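Just so we're on the same page: letters track the sequence lines, and every chain starts at 1. Small disclaimer: the values here were computed from a predicted structure and weren't measured.
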Amino acid sequence: MEDFIDKALDMGAEYCELNKTEIERSGIELSNKKVKDISDLKGLMYSARVIYKKGWGNAFSFSDDMGALIKEAMNNAIAGDVMIQETKSVKKTFRFKTEKNPLDYSIEEKKDLTKSFFDEQETKLIKNTTIHYSDTVKKHEFWNSFGSSLKLFDSVCSATVLTYAQSGQHMESYFDNSSEHGGLEVIDGFKDKVQGCNKSVLEILKARGAKGGRFDIIVDPGLAGVFAHEAVGHACEADIVLSGNSILKDLESTKIGVDELTIGDNGKLNNWGYCPFDNEGVLAQDTTLIEEGLLKGFLHSRETAKAMGKKPTGNGRAQDLENRPIPRMTNTYIKPGDSNFEEMLEEVKDGYYLKDSYGGQVDTTTGEFLFNAKEGFVIKDNAIAQRVKGASMLGSILKTLNSISAIGNDIKFHGGGACGKSGQYSLTGEGSPHLLLNNITVGGAK
Amino acid sequence: VSSIERLESYAKKRKIEFEIYYAKSNSLQCDIFNDEIDYVTSGQREGFSIRAIVDGNIGMACTNNLMKYKECIDSAIKIAKISGQNQFSSFSCPKRAPKIETFDKSLLNITIENIQDLIGDFKQELKEKDKKIKISKGFFSKSFSTHKIINSNGLDISEDFCSNSFDIENLTLPGGLSIEAGVATNKPITSEPAASWAERLLSLKNKRAFKGVQSIPVVLHREALAQIFGAVLEPSIDAERVIDKKSRLGINDEIFDKKITIFDDATMDMGLGSYSFDCEGTPAKRTEVISKGILKSYLHNNYSSGFLDNENTGNAWRSVSTKPYIETSNFIMQAGNHNVLETQDCLFVREIMGAHTIDQTSGNFSLGTVESFIVKNSERTAVKDTMIAGNFYKMIKNITEVGKDQKQCYSSNGYYLPSILVDGINVIGQ
């Protein structure tokens, strides 16, 4: 590959990257213990990305004709003023350690394992339980004209359960998952989650709708992690900052949150957003975004780092070789504080305890965000009371960062989701302790 | 001998029921950053999946490495042997399909230079409305694809598709004003929508906070309705989900207000969701899904129509890496005769935030609103930090008026909807 890079430079390219990815994926879906889908996928893709006449050109194909790919990428480049931050040459191989390598198990063994997770004690109210298993084993090789040569041998394993319960005309669903980098050890003990899921859906079936209004709320690590991701992480992506569409664009070194708040992003952590080097060959690092309430920095690709006079942070990620690397989060986390859960409850007379999330969305320009809670409980007189459903929280970034009145001393990372940005999806992990937030808009149908 | 012929010949040798789904596409994308194209990517994708039926059991394997076709077919057979009985697995028989126009042939000739010119036209028209308007971030994409289905029942068909889209993630004005806008079509794009996009952006000036919690009439613009239908209605009429008891909707149930009639129509010439045959080879059809508020048909593929013994509506979609799943083709709600967009004393919602958080099963939602306005005494005031919350199934029985503004929706390809006026929704502000 190094020879092809030399040829690209001889032809006038100012910078060149070559990539090769190979993946093997198994997927199994069982619905009420019956096979719904079993599939096996093998994929291979090559790409060449160049800067030529100061413009970006990219080309991808399943064919390994790298000479033709480089030519196509150079033809695509439109003269411009692209500049990127250079880094030192790195030659390194990363292997994510697995205890039970998915490639060592037959598809039949994986199917039998998935079947073993079903709960034998289901009640008649549960109409359907679907369990989805998947594993992906990936090899990614990267070369660039700064002399870097990087390899990643990665494995991701996931089990998801989705349960549907119905009582009369009323129907509810609930899901849970175990998803991490690693082998089949990731889903050890998944049967417990399936049983928990069945229990929760029956409780939700009986729950009443949340009442909308402004309340003090405690959010669990699952929902607080989504808050760190949606409310802070996206607004810290440097391409959004550079385009003028981040509410944080002029606030570097400014106090934007409470003193106790520290938020970072770290692709080296072995959580769902693990990404030891990004799609531009920059090694992962622990990047501080907010330190003790002060906005410290942004997440960069090589190009945004150059434009802002910073070092790249290893966040130039692409969904695959067809797509452009852009600043994306890896594992975004809120640093634990010193409050415990009971102390937080003592502060809430009338509010909500919201847990985990079905997802969220943020408008980084206005700073408005919305998250839907997976589970909600009323807090009445400093104690957790009845379960409610359909609760979500709407807020604005800057107000909410100053509405945090306590940060828990517990931290938990969550994974399994894919974050969407500019039509690309990437695996991002979120970690946080419990948070207490004051005077938050809670949406509910009641 | 082409790679597909080699595949077919090897599948025949294994003496099994088989189906080969082959797809090839060429794509071109230009990224726009702060009014200029700053990134161009192009490439080819090619691959196939094979489904095999062995003793009534079905298995699937796929690859984009065409040299590995024997390994792929063997893998599908191996999977079929362990997948468990499924008497409703079957492959399509050859049938006469309607000939549908799916795209304007002139799309095939679009070059990077044409795209540069078009972006220039958009910029000019936007800046004529206000010279500070900027395309902060956007994408122009064009894709040409061919798919081909061959099976052991003698089916051997193929169809071409081509479309292009211009998606603006951030059309902005200084001071934190931004909208998402775009156009997706199977005809050449012109800069005609630019003026209306600029007007939408300019109308957001002087946003105010909405106060309190109120139950007031809400106008859901067709784009917001398309987002909500995509999240709740479409999965609920998917016959595979009905089989799995994931949908509570029954045929002849009165679901909507009786003003509502909805068709799924793959046979519409030049529709964005049109095709001559679906991804299993079933000829395209027009299906009445909702008739005067009553559910008349689910949407089917081969498996669900066999299982429920219903007519196959020809709604199978797939990619090389997925088994056939059910999706709408062109989803068309009949227009009403009311000028809903001019409604007084209401909250007008153009788009919603967090459509993917709507609970598909119960229909409960609490969503952020985007480009929303309070309309009072003929005055429209843009509002911020405003949520709407309610239940989808209750909401669609409380449709007060159906608009006459039925059009193709940008937020969901192939949706052709009018705007509606609804009651019984909670509006939550500060």
TODO: Indicate whether the side chain of B/S143 and that of B/N26 have a donor and an acceptor atom separated by less than 3.5 Å.
DONE: no

TODO: Go through the side-chain N and O atoms of B/Q116 and B/N114 and say whether any donor and acceptor fall under 3.5 Å apart.
DONE: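 No, B/N114 and B/Q116 have no side-chain donor paired with an acceptor closer than 3.5 Å.
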
Quick one: what part of [X] sits under 4.5 Å from any heavy atom of chain B, side chain, backbone, both or neither?
X	answer
A/L242	both
A/S173	both
A/F371	neither
A/K115	neither
A/D363	both
A/R214	side chain
A/R49	side chain

Ionic contact status for [Y] with [X], cut-off 4.0 Å:
X	Y	answer
A/K36	B/D244	yes
A/K110	A/D112	no
A/D239	A/K421	yes
B/R45	A/E322	yes
A/K399	A/E368	no
A/R324	B/D31	yes
A/K20	A/E22	yes

Side chain, backbone, both or neither: which part of [X] has a non-hydrogen atom closer than 4.5 Å to chain A?
X	answer
B/Y39	both
B/E169	side chain
B/S247	backbone
B/S321	both
B/S42	both

Task: Reported CD-to-OG1 distance for the pair A/E29 and A/T130, which is rounded to 0.5 angstrom - done: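 Going from CD on A/E29 over to OG1 on A/T130, the span is 6.0 Å.
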
So which residue, [options], ends up with the most heavy-atom pairs under 4.5 Å with chain A?
options	value
B/A76, B/S49, B/C62	B/C62
B/D38, B/L66, B/I37	B/D38
B/K81, B/Q44, B/H356	B/Q44
B/E180, B/Q360, B/E240	B/E240
B/K246, B/K323, B/M353, B/K394	B/K246
B/N65, B/N34, B/I112, B/D385	B/D385

TODO: Kindly indicate whether a cation-pi arrangement holds for B/R318 with B/Y21, taking the cut-offs as under 6.0 Å to the six-membered ring centre and within 45° of the axis.
DONE: yes

Open item on the list: A cation-pi test, strictly: NZ or CZ of A/K374 under 6.0 Å from the centre of the six-membered ring of A/Y174 and no more than 45 degrees from its axis. Yes or no?
Closed with: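 Positive - A/K374 is close enough to the ring of A/Y174 and near enough to its axis.
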
Name the member of [options] that forms the most heavy-atom pairs with chain B at distances under 4.5 Å.
options	result
A/S422, A/G80, A/G423, A/G57	A/S422
A/N245, A/L205, A/L30	A/N245
A/E72, A/M171, A/K127	A/M171
A/N372, A/L162, A/N76	A/N76

- [ ] Assess whether side-chain contact (heavy atoms from CB on, under 4.5 Å) is satisfied between B/I82 and A/I38, documenting all intermediate values.
- [x] CA-CA 9 Å; B/I82 63 143; A/I38 301 186; 4.1 Å; yes

